[in-house]
Amino acid sequence: SQQRILKKLITVTLALLDAANDRDPVVQEQVRKSILTLGNQQPDKVLSMCQDYLLKHPKLVVGHRVVILQTIELVVKSRIDDISYPKIKSVIQLASDEMTKSKEVVPEWQQAASNILVAVGNKYINDIMEEILGKFQPGVLPHFFVVQTLANLSDSNVYGMVPFLNAIMGTMLPMLGMTKQDNMKWVFSSALCRFSESILEYLANLDKAPDPTVRKDTFSSEIYSAYDILFNSWIQSRESKLRLTVAEALGSMSHLMAHDKLEEQLPKLLPTILGLYKKNSEHYIITKSLCQVLEASVNMGSRVLETQIDGLLLALHQQICSPVDFSNPPTVKNHNEVLRCFTILANTFPDRLMVFVLQRLENSNERNRMGSLAVLRHLINSSTSIMETKKLLILASIRQPLADHSNKVKKRVVQVISAMAHHGYLELEGGDLLVRFIIQHCALPDTYHRPPDPEEVTNEALRSMCDNTLHLFTTTVGRLTDVLWPMLLCYLTPNQYASATTPLCKSLILLANKKRAAQEASFIINFNAQGVDTHTYGHDVTDEPSPRLRAFPLLLNALSPNIHPKAEPLWENEIPKLLSYLEGLFKYTTVMYFLYRCIGVILQQCYNKELVRKQLQEILISTRHNDAIERTGVAMGIGLCASSHLNGTLEKLEEFGKSDAFRKASGIFGLLKDKNDVDVEKMKSTLILCYGYVALHAPEDQLLTRIDSDILQNISKNFNTKHSLSVCLHLFLCVCLSLIHSVGLIAKAISQSVRKQGFLFSRKQELMGVMMNLVTFHNLGALVGRLSPRCTDPNPEVRRAAIDCIYRLMYIQLRYEGFSLDYKDDSVEGLLDVREKLSNPDHSVLYKTCSELTKIISKRLPQQQLSTLLFMLFDGLVDSQSNCSRASSVILNTLLKNRGAGLQDLVPEMLEVLHNRLQVIGEEQVKVAIGQSILILATQHLQTVVNTLVAYPLPYDSWSCEMWMALGADSTLALQIMEMIIEKLNVMVPYVDKKESMLRPGLTKVATSQPLAMTCALREMMLNGQSADAVAYVFPKLFSSLLVRLGSSVGVQLPKDLNNICVSLCCVFRVAVEALRILLGRAQLDAVMKPLDQEGAWDKMKDPQQHTTGVTLLSRAMAKHAGPRLPAIVEGLCPSLCNIYECQRITVTAFFSELLNHHVVTELMILDMLMNNMMERITDTCGTVRMLAVRGLGNIAVGSPEKVNKYAKELLAAMSSGMEEKDDPGKLITLEAMLLENSVLASMGFLLLYGFTQRSIVMFCQENDEIRCASIMLLGNLSKFGSGEPVFKDQIHNVLVSLLLHLSDPNPQVVKACKYSMRICAPIVGSEQISAMFQNHLLEEKGLHYGEFINDLTKYLTVFSFLMSFFLSSGLVMLLQDPDPLVRVKAAEAMGHFH
């Protein structure tokens, strides 16, 4: 038994040693691991075999020898304690011989041998030194790797090697003078460096050393002799690698030189090292050496060093100013070593170093300033005691960089301030400036133009850094609490710090809570103390919801005890409500509207009149007068203020009205006039509105005395009809609206005041005259458009007045048309009857009456007035009175029905206005009416409406979508539009191929706009439930068209003009999917959609790699749940199979392929049509289409097995074609052919046995997981038909090893296939035990411990010597030559189990 095991071990190990030269590094690694596994069991035997192999094959290629030597090293490292001493001696001899066999340097080979010696030397140092020193004889230059091995040994075994070093260096010194070649100089220099480091480590740990009597001066003489040669000769070499190694050695050696010798050499050594910076691009080694020399010099108290300080500082400063590439570790290491040099110098020359660094903070070069700040930060952190006396000097000097304009410099300044904060600088005088600097930069604006310099620091990055720094000050630097509290409060209100509000509030909240929890007396703030600013200023607000709106209330809550003792319980209740309200304010204008009202309430409670005046001035100057909502907010705020400060408010408003802001600048030739008019008229609007709110809120006992002289007088000055007509209409209307609003407020205020006191309103007639004049500026259409909605006003008096006005306007129009003064028109007279009906407040009556009114207006209104009337009615849709807005919609739609046919030219403009109105209408009934308006226009001008809406910009906004949805409300109209769109979609180009960039190869698919827009349109129309009848009628066409469209959208990008818009709103593929989903829903095919959603089919369709899988899922669901609809769908899809677009052919072929998987196609009599199409696609130019066609043909065995024999000839042709497919890079067609073969096996099994078994076995080694899986499954299935055939039995024996290897395949499906086939084939193997083992252990769902299984199987195989012999010699060994590296790896791994 022992002999058999040993023989097996020898066979396996030899096979692995033969395979050690595999070209694949992964296989080499596995071979090493397998030999190591065997070596762990039998280290001496395996090492002997490795040695014998090398000795018997002296001409092995270097790579092969290297792998075996590396394997020996692994075994030695792993089991050195278990290897016999004689074997250790022989390994040492072998490694030494291998290392020095070639006089030429062959690094890979000799390094591998050297590593063995180093590994052995960790335990057997004396034996190693005996062997090595035999090849390190005085007077003879040693082999390169002898020296290298000594160097590596000194690294790996310090305590073992140091006792030998004195003798080694004694032998080495004469060799240095004999050395002429650079590579030998390099290895000697490297060895001296390692020797020095080992000695220093030994001396630093004498308590652990075997000989604690060893001293530094033991080596000083030899070290200096070596130094002399390296410094005076070798460091001048032209070879940069050698120069750097010599410099590294000199640095390590400097610690071991006698003090007097080092002192003597410093004036030459330091300049020489500094000079290397210019000669070498790699600086880390130089700086490391310099640092060691400086450290050695300072440790011995050198006096000469002071004479070199200027040159040192200049050179080091130049290094610290070099940019650091954090992706390049040597530059980072160099930067850190330079800082270490500065620390060493700071301990000896603090004053000179500080003056040097601080002077360079004022340097004009940006990098110099950045470097100086880096040094300063490092010194503050690393040399605390030395820097203690320099704090005030540093605080004074840091002011210069605070004003720097460079963000890169500012970033370094922030880092310095952070260091200073942790070391007590900020508590000193001048520390507040540093805090201010941080807060200023918390308020930086965004960088709008991205800098081209990748090293540039953006405003966003710097701001974030300062935010974090302020937070750290608050949370981690406890000593700063009393510095920051209450100082930070002073930065909350000035406008220049507005953008820093959020970090300031967060810090103040933390500080307040900390002090409050500790019950510190300083928590309560004396707001009258010097330095505490209690003034408030206006802050800008961004367009998005600002975190400041949340931060401020939270801070107020924390500060509440400082405001008033009773504020705390009140605010705890109210502030959460305030936060909830603020979070609902999303727009700039809404926020400002709220804030101005807040300011008004605050000023209302303020007793400081001067402060009130100052704030009113600030508000009026900073307001955005061109924003209507903000104007209203300002006016309301000023009105609230007036309730307590009427005189001051009126004075300030009058003063503002006379200020320079209202004076028009006269530019050259009046070119600036328009812009100035805009500004002035908008400010007038604000001022007029302010007077209205002042009147509304003024104290009742003071209002009436001021109304004429101070309020109406100033309104009159700002509203001059003659002047206003000289500006553009929209500006004039803006002022008019403010006037109307203001007059209404004044009327309300007066009506309340006159109840308690008498009052003669002397300017009433004048005011009414102005208001009446406003009415006469519009033509008939405009006036009727304004008046007619008022006919349903909630106030019956208004309704009567409105109808009377229309009645009179109609007669005025008749006069214009030439009718006499006493002429009575029957239709106009009908308005009187309408007036009587309007007295009924019932809504349904009112709207019916409106319809009658519209018919009269429609009859009498001239054609040229119609458009004006319509556009005025469009304005009426957003009337503040819901009754009136609804009336506008009724009148509008009645007019469009009666006279819309003649308005074709106005259709695009009318649709645009309706689109705009939809954006502001809140009344649902009016929105529905607008939908009716669009329907009416479409009924009259279908092509124009469709063309106009299709041309709207993508992605369609919600209002465009509503317009399309409205078109789905009329089933007949919807059907017309859908058929029109389907017809165009089927012929339009879905995308174009464009070259994305000159720098990138290949083309990009870019969607064409019109098909994309039409798909969006279909989606929206189908969302309307009333489109169901139209959808049902045209379902097959719609489904076919959208499926093809979906296929055309995969991997297609948006046009460039849409790239800047949120892609999620208008993704090409998403639009097609949504349309198809809505179609299925509208057709009541929820049963189709449910499995698609559950299986993630839509996401799969989007992925180009999984698109066909997703389409297959769709086809499957349609076959199961929508069978009767399939014939028409298939008929509609067939033309797309001949389309020029591959993507469309792929989608349709995938759909047809899956249909063949279901018997329903036979029942619906479309099997022949589908099979014919699949056979035609077998020769398609697209490989994916061919693959899908083969798959479809295979599916017939599942869907219609009774038809397999009918198509036997075609199926055999397809299988042969697929298995021999040459243009099949991923072997996908081959895979489908194999799956086809598997599926038709039951019907055609014996026909396939001989032709396809060998093809199946060939596929075992394919990289494609699915092909391996299918081929293995096929072998198992074929065995059912070939178990009695001798040829088949031989094939099973041939493939057994491969099947065993694939049991550990990385793909679990391949493993399952292996288990299945091996169980099916088990009886053919010829062993009952093996067959039983396969049946019991190789269950698909049961786990398998591969190693144990192979071990157990090996035991059975040993019983059958023929199988065992075959298994080892013809099986695993053969597989070590397999073309697939994965197979070779697994074979090597399996062989490791035979021990």
Side-chain angles (χ1 to χ4, degrees), residues 314 317-326 335 338-339 354-381 392-421 425-426 428-473 487-488 490-492 494-504 537 539-540 542:
L314 283 170
H317 192 267
Q318 187 175 0
Q319 285 298 305
I320 204 67
C321 293
S322 299
V324 179
D325 180 1
F326 288 96
H335 183 80
V338 172
L339 290 174
M354 193 51 56
V355 169
F356 175 87
V357 172
L358 295 180
Q359 281 179 344
R360 275 152 184 77
L361 290 178
E362 302 176 12
N363 194 291
S364 61
N365 184 282
E366 180 185 76
R367 288 211 176 274
N368 277 342
R369 302 196 300 276
M370 289 169 64
S372 299
L373 288 165
V375 175
L376 186 58
R377 174 198 181 199
H378 179 73
L379 294 177
I380 290 170
N381 282 327
L392 293 176
L393 174 62
I394 293 171
L395 274 168
S397 302
I398 198 70
R399 293 190 180 192
Q400 179 77 20
L402 292 182
D404 206 296
H405 296 295
S406 164
N407 274 7
K408 286 190 275 190
V409 175
K410 288 179 181 178
K411 178 181 176 180
R412 295 289 175 91
V413 171
V414 174
Q415 292 170 338
V416 172
I417 293 173
S418 182
M420 294 168 77
Y425 287 72
L426 270 59
L428 303 176
E429 185 179 352
D432 58 326
L433 296 176
L434 307 185
V435 176
R436 183 192 299 172
F437 177 85
I438 296 295
I439 296 168
Q440 280 175 337
H441 290 84
C442 287
L444 279 178
D446 286 346
T447 305
Y448 294 107
H449 301 290
R450 292 290 168 187
D453 179 5
E455 292 182 23
E456 187 57 61
V457 178
T458 63
N459 279 5
E460 292 88 337
L462 185 59
R463 184 176 65 222
S464 175
M465 187 180 184
C466 290
D467 286 355
N468 293 333
T469 302
L470 184 59
H471 182 72
L472 288 173
F473 285 177
M487 186 215 299
L488 293 185
C490 301
Y491 295 102
L492 272 178
N495 201 46
Q496 63 264 38
Y497 305 117
S499 296
T501 301
T502 301
L504 277 170
Y537 303 88
H539 280 189
D540 292 333
T542 57

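Hydrogens, waters and symmetry mates are skipped; everything else that's a heavy atom, side chains included, is used.
- Considering Glu460, His441, Gln415 in turn, Gln415 is the only one that fulfils the side chain to side chain contact (heavy atoms under 4.5 Å, CB included) rule with Met465.
- Among all heavy-atom pairs drawn from Phe473 and Ile438, the shortest one is CE1-CG1, 4.2 Å.
- Leu393 places none of its side-chain heavy atoms less than 4.5 Å from the side chain of Val355.
- Each of Ile394, Leu361, Leu373, Leu379 was checked for a side chain to side chain contact (heavy atoms under 4.5 Å, CB included) with Val416, and the lone residue meeting it is Leu373.
- Looking only at distances, no side-chain donor or acceptor of Ser464 sits under 3.5 Å from a matching main-chain atom of Ala461.
- Contact detail for Arg412 and Ala374: the closest heavy-atom pair is NH1-CB, 3.5 Å.
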Inset, instruction - Under the side-chain contact (heavy atoms from CB on, under 4.5 Å) rule, what do Met354 and Leu376 come out as? Steps first, then yes or no, please. - result: CA-CA 8 Å; Met354 193 51 56; Leu376 186 58; 4.2 Å; yes
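- Screening Asn468, Asp467, Thr469, Thr501 against Cys442 for a side chain to side chain contact (heavy atoms under 4.5 Å, CB included) leaves a single residue, Asp467.
- In Gln440, the CD atom is crowded: over 12 heavy atoms of neighbouring residues, nucleotides or ligands sit closer than 6.0 Å.
- Formation of a donor-acceptor pair under 3.5 Å by the Arg369 side chain with backbone atoms of Arg360 is not found in this model.
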Inset, instruction - Carefully, step by step, assess Lys410 and Asn407 under the rule side-chain contact (heavy atoms from CB on, under 4.5 Å). - result: CA-CA 5 Å; Lys410 288 179 181 178; Asn407 274 7; 3.8 Å; yes
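- Remark: the backbone N or O of Leu444 is paired with a side-chain donor or acceptor of Arg463 at under 3.5 angstrom.
- Looking at every heavy atom in both residues, Val413 comes nearest to Phe437 through CG1-CE2, 3.7 Å.
- A donor-acceptor contact shorter than 3.5 Å is absent between the side chain of His335 and the backbone of Val324.
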